[in-house]
Amino acid sequence: MSLYYEAADVLANTANVGGSLKSRIYKKSDRKSSPAQLYALVTEAAKWSPVLKVVIEKSGLLEEEKKLTPVLALLLTHDLLVSKGGVAAPANHVLKLAITRHKARLGAEFTKARISGGYTTLAAFKNAVNDGKLNSEEEPTQATVRHPRWVRVNSVKTTLEDQLATTFAGFEKKDDLRDILSAPGSAKVYHIDSNIPHLLAFPSRIDLSKSPAYAKGQIIFQDKASCFPAYLLDPTPEDGDVIDGCAAPGNKTTHLAAILQSRTSHRVGDARTPSVIAFEKDNFRAGTLTKMVKLASADSIVTVKAGQDFLLARPDSTEFANVGAILLDPSCSGSGIVGRDDTVKMHLPEGSTSERPKGAKGKKRKRGDVSDKATKPSASLRLDLEDTTPEDTPEEIPIHDRLGERLVALSTFQLKILAHAMRFPNARKITYSTCSVHFEENEGVVSQALLSSAATQGGWTIQKRKDQVAGLKNWRKRGIWEEHQLESSKLGDHFREDVLDACIRCEKGTNEGTMGFFVAAFVRHGGSYSLNEGRSINEAVEEPTPEEELEEWNGFSDEDTSEAKKRNGVNEQKASEHKAKKNKKRRKSKTSCN
Ligand SMILES: C[S@@+](CC[C@H](N)C(=O)[O-])C[C@H]1O[C@@H](n2cnc3c(N)ncnc32)[C@H](O)[C@@H]1O
């Protein structure tokens, strides 16, 4: 299949595969075209689509070339008029013939579009397209406007100073983040973050993906909030090894490696650098993690446990005897994710609105092909480009249609994994984070974990705000409490206040430019945890069945027992339905915590 048919196939997504455009392209292994070429074609054509839609409609191309669907017409016109390499097909290929026949007319319409837009040169026209200036329908939402492109300078490979002098030479420094948020999409300005070391903010549409520094792993795209967990964990060589329990795609893993490395290399008479042990249960995502770790040159520090479930890691294994810190960023609802700036709309030409060119025949298109969708007024495709974190809902989490039920399942899993981390005998620090805004997955899990036997018998407490790293103890937004969610009588007022003050939240759509995020740290002072001390809520190392998972959860108390039973009844029924369907259907959970 040619590049263009394959690209149209990806866009049509007839198999209704979930995930971002990038994951749809990269996950399918039986394509002939290179994934990078396919991705570039689709994203570039999408950027140009507001212009090319009009050019195609005015040229009457679709009326004359019945072989072309609107998507094919757009992709081919893009390569014919904009791409340096032209149409990537042999001269006698049916698609190449179908588009090159119309080169003169399409070229003339393209020039008209440029001139009527007030662009005297093609270069100026290209800049405007890259800035999204021609995409008049794309009125950015509040969250989009306020979400900068965050870039973490990878200190394993380079320094902030080097990057400012090379990759960002010619960029103007802004002291106030608001100047970045209000700057034109691709303006050459940057801001140095005041909370997280080595973190820079740029305007939302800046394209650094083609910069050598990005290709070499010297800079990493990572949302500010997503840098909080590794920074808050604050691993030192004295802590020993660090586990990242839910690691892919690996932004926090490489961040941990960078922090550890910076501390180890400065020590006199240095012992070995402690390692980061990165668990990733999903094999495909573990592949991405391995690539990211290598690209970041963190492979001498990070050991990837590909396809391995952290819940099955035995805390008493000698392999983990030196583990002193654990970062947990488990699967969550992803409700804190902001509308991505890299979500673009592909405007598709309509086939019947142009003035019909002489000799054009009026054949009807077949029902159901991509063209059908595209000939409807204002046809467009919304493309979620980046695969920054999308992940599958872990298999053990039942499929739920209702948010409440889903949150019960997710928080049960989150509590379980957190309690498991508390059982590592020499661990002294844990961070727990989600890109969720829901109390149930955040303060709810933290409070339950603190009350669990794993915490009480292991001596775990919340790390108080005053003990947090400098950049985060001053962070304004702290935890929130939702009445009636947990039995607060069990917690006590002081405990509750301390816990909330220790929890860190980020809000989406504010001048702080973060997504919605939550993180808290746990610390343990004194002796190590004896595995024989009492029963932890996570005593069974084996995976529970979905039913068992649901039964384990008893944290919510807004309903009386009969209500809770009723809900459990629903859940049990759902869970057993899920068991039957489990291998047939996997629901995609869109998250973006990296
Ligand atoms: C929210 S993502 C992690 C994002 C990552 N920390 C980052 O910053 O790039 C959660 C990841 O945990 C993985 N995961 C879920 N349950 C797991 C388990 N029991 N053991 C290991 N990995 C797990 C998921 O497959 C997913 O890749």
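In listed order, ligands and their atoms are each counted from 1.
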J.: Does any N or O of ligand 1 fall below 3.5 Å from an N or O anywhere on K281, backbone included?
T.: yes
J.: A248 heavy atoms, cut-off 4.0 Å: which ligand 1 atoms fall inside?
T.: 2 (S), 3 (C), 4 (C), 5 (C), 9 (O), 11 (C), 27 (O)
J.: Going by distance only, is there an N or O of F310 that falls short of 3.5 Å from an N or O of ligand 1?
T.: yes
J.: Pairs of nitrogen or oxygen atoms closer than 3.5 Å, one from E280 and one from ligand 1: do any exist?
T.: yes
J.: With side-chain hydrogen bond (donor to acceptor under 3.5 Å, both in side chains) as the test, pick out the partner of E441 among S333, S331, S411, S335.
T.: S333
J.: Considering only heavy atoms of I417, which atoms of ligand 1 have at least one such atom less than 4.0 Å away?
T.: 19 (N)
J.: Does the plane of the ring in F424 sit parallel, tilted or perpendicular to the ring in F310? Use 30° and 60° as the thresholds.
T.: parallel
J.: Please tell me if the side chains of I504 and R478 come closer than 4.5 Å, counting only heavy atoms from C-beta onward.
T.: yes
J.: Have a look at E512 and tell me which of R476, K477, K224 forms a salt bridge (charged side-chain N to carboxylate O under 4.0 Å, His left out) with it.
T.: R476
J.: Could you check whether any heavy atom of C435 sits closer than 4.0 Å to an atom of ligand 1, since that is the contact criterion I want to use?
T.: no
J.: Tell me, do E319 and K305 make a side-chain contact under 4.5 Å, heavy atoms counted?
T.: yes
J.: Using non-hydrogen atoms of the residue, decide whether K305 is closer than 4.0 angstrom to ligand 1.
T.: no
J.: Does any N or O of ligand 1 fall below 3.5 Å from an N or O anywhere on D329, backbone included?
T.: yes
J.: Test your reading of the structure: does P330 have an N or O sitting under 3.5 Å from an N or O of ligand 1?
T.: no
J.: Cation-pi between R149 and F221: NZ/CZ under 6.0 Å from ring centre and within 45° of the ring axis?
T.: yes
J.: At less than 4.0 angstrom from any non-hydrogen atom of G245, what atoms of ligand 1 do you find?
T.: 20 (N), 21 (C), 22 (N)
J.: Quick check: G250 and ligand 1, any N/O pair under 3.5 Å apart?
T.: yes
J.: Nearest heavy-atom pair of L200 and F168: which atoms, and what distance?
T.: CD1-CE1, 3.8 Å
